[in-house]
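Position 1 is the first residue of the sequence, and the numbers go up from there.
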Amino acid sequence: MVPRVWSLMRFLIKGSVAGGAVYLVYDQELLGPSDKSQAVLQKAEEVVPPAMYQFGQYVCEQTGLKMPQLPAPPKFNFHIRDTWNSGIIMVMSALSVAPSKAHEYSRDGWAYLKERTK
(Lines give C-alpha, C1' and ligand atoms only; values in the text may rest on other atoms or scores of the structure.)
Protein backbone atom coordinates (compact mmCIF):
# COMPACT_ATOMS: atom_id res chain seq x y z
CA MET A 1 0.00 0.00 0.00
CA VAL A 2 2.77 2.44 0.90
CA PRO A 3 4.58 2.21 -2.48
CA ARG A 4 1.32 3.08 -4.24
CA VAL A 5 0.90 6.16 -2.07
CA TRP A 6 4.46 7.32 -2.82
CA SER A 7 3.95 6.68 -6.52
CA LEU A 8 0.74 8.67 -6.46
CA MET A 9 2.41 11.51 -4.56
CA ARG A 10 5.33 11.60 -7.01
CA PHE A 11 2.88 11.63 -9.92
CA LEU A 12 0.90 14.48 -8.36
CA ILE A 13 4.03 16.51 -7.64
CA LYS A 14 5.38 16.01 -11.15
CA GLY A 15 2.00 16.83 -12.63
CA SER A 16 1.77 19.98 -10.53
CA VAL A 17 5.21 21.13 -11.63
CA ALA A 18 4.41 20.42 -15.28
CA GLY A 19 1.05 22.15 -14.98
CA GLY A 20 2.69 25.14 -13.32
CA ALA A 21 5.25 25.35 -16.11
CA VAL A 22 2.53 25.24 -18.76
CA TYR A 23 0.55 27.90 -16.90
CA LEU A 24 3.64 30.11 -16.56
CA VAL A 25 4.38 29.84 -20.29
CA TYR A 26 0.76 30.68 -21.10
CA ASP A 27 0.49 33.46 -18.53
CA GLN A 28 3.72 35.16 -19.60
CA GLU A 29 2.81 34.74 -23.29
CA LEU A 30 6.14 33.07 -24.06
CA LEU A 31 4.74 31.42 -27.16
CA GLY A 32 3.45 34.71 -28.51
CA PRO A 33 5.32 37.32 -30.51
CA SER A 34 9.08 37.38 -30.07
CA ASP A 35 8.98 40.93 -28.69
CA LYS A 36 7.04 39.72 -25.66
CA SER A 37 9.33 36.71 -25.24
CA GLN A 38 12.37 39.01 -25.31
CA ALA A 39 10.79 41.27 -22.68
CA VAL A 40 10.03 38.30 -20.40
CA LEU A 41 13.60 37.02 -20.77
CA GLN A 42 15.01 40.42 -19.84
CA LYS A 43 12.66 40.58 -16.86
CA ALA A 44 13.82 37.12 -15.74
CA GLU A 45 17.47 38.17 -16.06
CA GLU A 46 16.75 41.08 -13.72
CA VAL A 47 14.62 39.21 -11.17
CA VAL A 48 16.09 35.71 -10.86
CA PRO A 49 19.66 36.46 -9.63
CA PRO A 50 18.54 38.63 -6.67
CA ALA A 51 15.87 36.07 -5.78
CA MET A 52 18.43 33.26 -5.81
CA TYR A 53 20.76 35.34 -3.61
CA GLN A 54 17.96 36.05 -1.12
CA PHE A 55 16.99 32.38 -1.04
CA GLY A 56 20.63 31.42 -0.44
CA GLN A 57 20.85 33.89 2.44
CA TYR A 58 17.64 32.50 3.93
CA VAL A 59 18.97 28.92 3.74
CA CYS A 60 22.23 30.01 5.36
CA GLU A 61 20.37 31.70 8.21
CA GLN A 62 18.08 28.73 8.80
CA THR A 63 20.72 26.00 8.58
CA GLY A 64 23.86 27.78 9.75
CA LEU A 65 25.67 26.70 6.60
CA LYS A 66 27.85 29.04 4.58
CA MET A 67 27.32 29.00 0.86
CA PRO A 68 30.02 30.21 -1.51
CA GLN A 69 29.28 33.29 -3.58
CA LEU A 70 28.05 32.27 -7.02
CA PRO A 71 29.52 33.96 -10.07
CA ALA A 72 27.44 36.46 -11.96
CA PRO A 73 25.22 34.91 -14.64
CA PRO A 74 26.54 35.33 -18.19
CA LYS A 75 25.11 38.04 -20.39
CA PHE A 76 23.75 36.92 -23.73
CA ASN A 77 24.07 39.35 -26.59
CA PHE A 78 21.52 37.99 -28.99
CA HIS A 79 17.87 38.62 -29.54
CA ILE A 80 15.38 35.80 -29.38
CA ARG A 81 13.69 37.38 -32.36
CA ASP A 82 16.70 36.48 -34.52
CA THR A 83 16.63 32.78 -33.64
CA TRP A 84 13.09 32.08 -32.48
CA ASN A 85 11.48 31.49 -35.85
CA SER A 86 14.33 29.34 -37.15
CA GLY A 87 14.21 27.22 -33.99
CA ILE A 88 10.46 26.72 -34.28
CA ILE A 89 10.80 25.85 -37.97
CA MET A 90 13.51 23.27 -37.22
CA VAL A 91 11.47 21.66 -34.43
CA MET A 92 8.31 21.49 -36.51
CA SER A 93 10.28 20.13 -39.47
CA ALA A 94 11.77 17.40 -37.29
CA LEU A 95 8.34 16.54 -35.88
CA SER A 96 6.79 16.39 -39.34
CA VAL A 97 9.36 13.91 -40.69
CA ALA A 98 9.58 11.86 -37.48
CA PRO A 99 6.95 9.24 -38.45
CA SER A 100 8.48 8.60 -41.87
CA LYS A 101 12.01 8.48 -40.39
CA ALA A 102 10.85 6.08 -37.67
CA HIS A 103 9.30 3.86 -40.35
CA GLU A 104 12.46 4.02 -42.45
CA TYR A 105 14.75 3.22 -39.52
CA SER A 106 12.56 0.33 -38.34
CA ARG A 107 12.44 -1.08 -41.89
CA ASP A 108 16.24 -0.85 -42.15
CA GLY A 109 16.65 -2.45 -38.73
CA TRP A 110 14.27 -5.26 -39.63
CA ALA A 111 16.14 -5.89 -42.88
CA TYR A 112 19.43 -5.95 -40.98
CA LEU A 113 18.05 -8.48 -38.49
CA LYS A 114 16.69 -10.68 -41.31
CA GLU A 115 20.08 -10.59 -43.02
CA ARG A 116 21.94 -11.52 -39.81
CA THR A 117 19.63 -14.43 -38.97
CA LYS A 118 20.07 -16.20 -42.32
Side-chain angles (χ1 to χ4, degrees):
M1 182 70 180
V2 174
R4 286 184 180 172
V5 172
W6 285 112
S7 295
L8 178 63
M9 287 182 63
R10 285 194 330 221
F11 175 75
L12 291 175
I13 291 170
K14 290 178 183 180
S16 299
V17 169
V22 169
Y23 174 76
L24 181 67
V25 167
Y26 175 76
D27 185 51
Q28 296 294 321
E29 298 179 0
L30 291 177
L31 298 178
S34 59
D35 294 336
K36 289 184 180 181
S37 300
Q38 184 73 28
V40 170
L41 179 62
Q42 288 174 349
K43 181 180 173 184
E45 286 177 350
E46 295 169 359
V47 172
V48 170
M52 291 298 292
Y53 177 75
Q54 289 176 353
F55 179 71
Q57 294 299 319
Y58 174 75
V59 169
C60 289
E61 290 174 7
Q62 296 299 318
T63 62
L65 298 174
K66 292 186 179 181
M67 294 178 63
Q69 181 66 28
L70 297 175
K75 296 288 183 187
F76 297 108
N77 294 324
F78 73 92
H79 294 285
I80 291 179
R81 181 180 323 148
D82 299 337
T83 57
W84 178 258
N85 288 339
S86 63
I88 294 296
I89 289 170
M90 291 181 84
V91 167
M92 292 302 148
S93 172
L95 288 175
S96 68
V97 298
S100 61
K101 285 291 184 182
H103 180 264
E104 178 184 333
Y105 292 150
S106 62
R107 187 182 62 229
D108 292 345
W110 189 249
Y112 176 79
L113 286 174
K114 282 184 179 178
E115 181 182 306
R116 289 291 180 185
T117 56
K118 285 184 181 181

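- Note that NZ of Lys14 and CG of Leu12 are 11.5 Å apart. Values are rounded to the nearest 0.5 Å.
- Between the CZ atom of Arg10 and the OG atom of Ser7 there is a distance of 5.0 Å, given to the nearest 0.5 Å.
- Here the shortest heavy-atom pairing between Ser96 and Ser93 reads OG-O, 2.8 Å.
- Applying the side-chain hydrogen bond (donor to acceptor under 3.5 Å, both in side chains) test to Tyr112 and every residue at least two apart in sequence or in another chain returns Arg116.
- Within the model, atoms CG of Asp108 and NE2 of His103 stand 10.0 Å from one another, a figure rounded to the nearest 0.5 Å.
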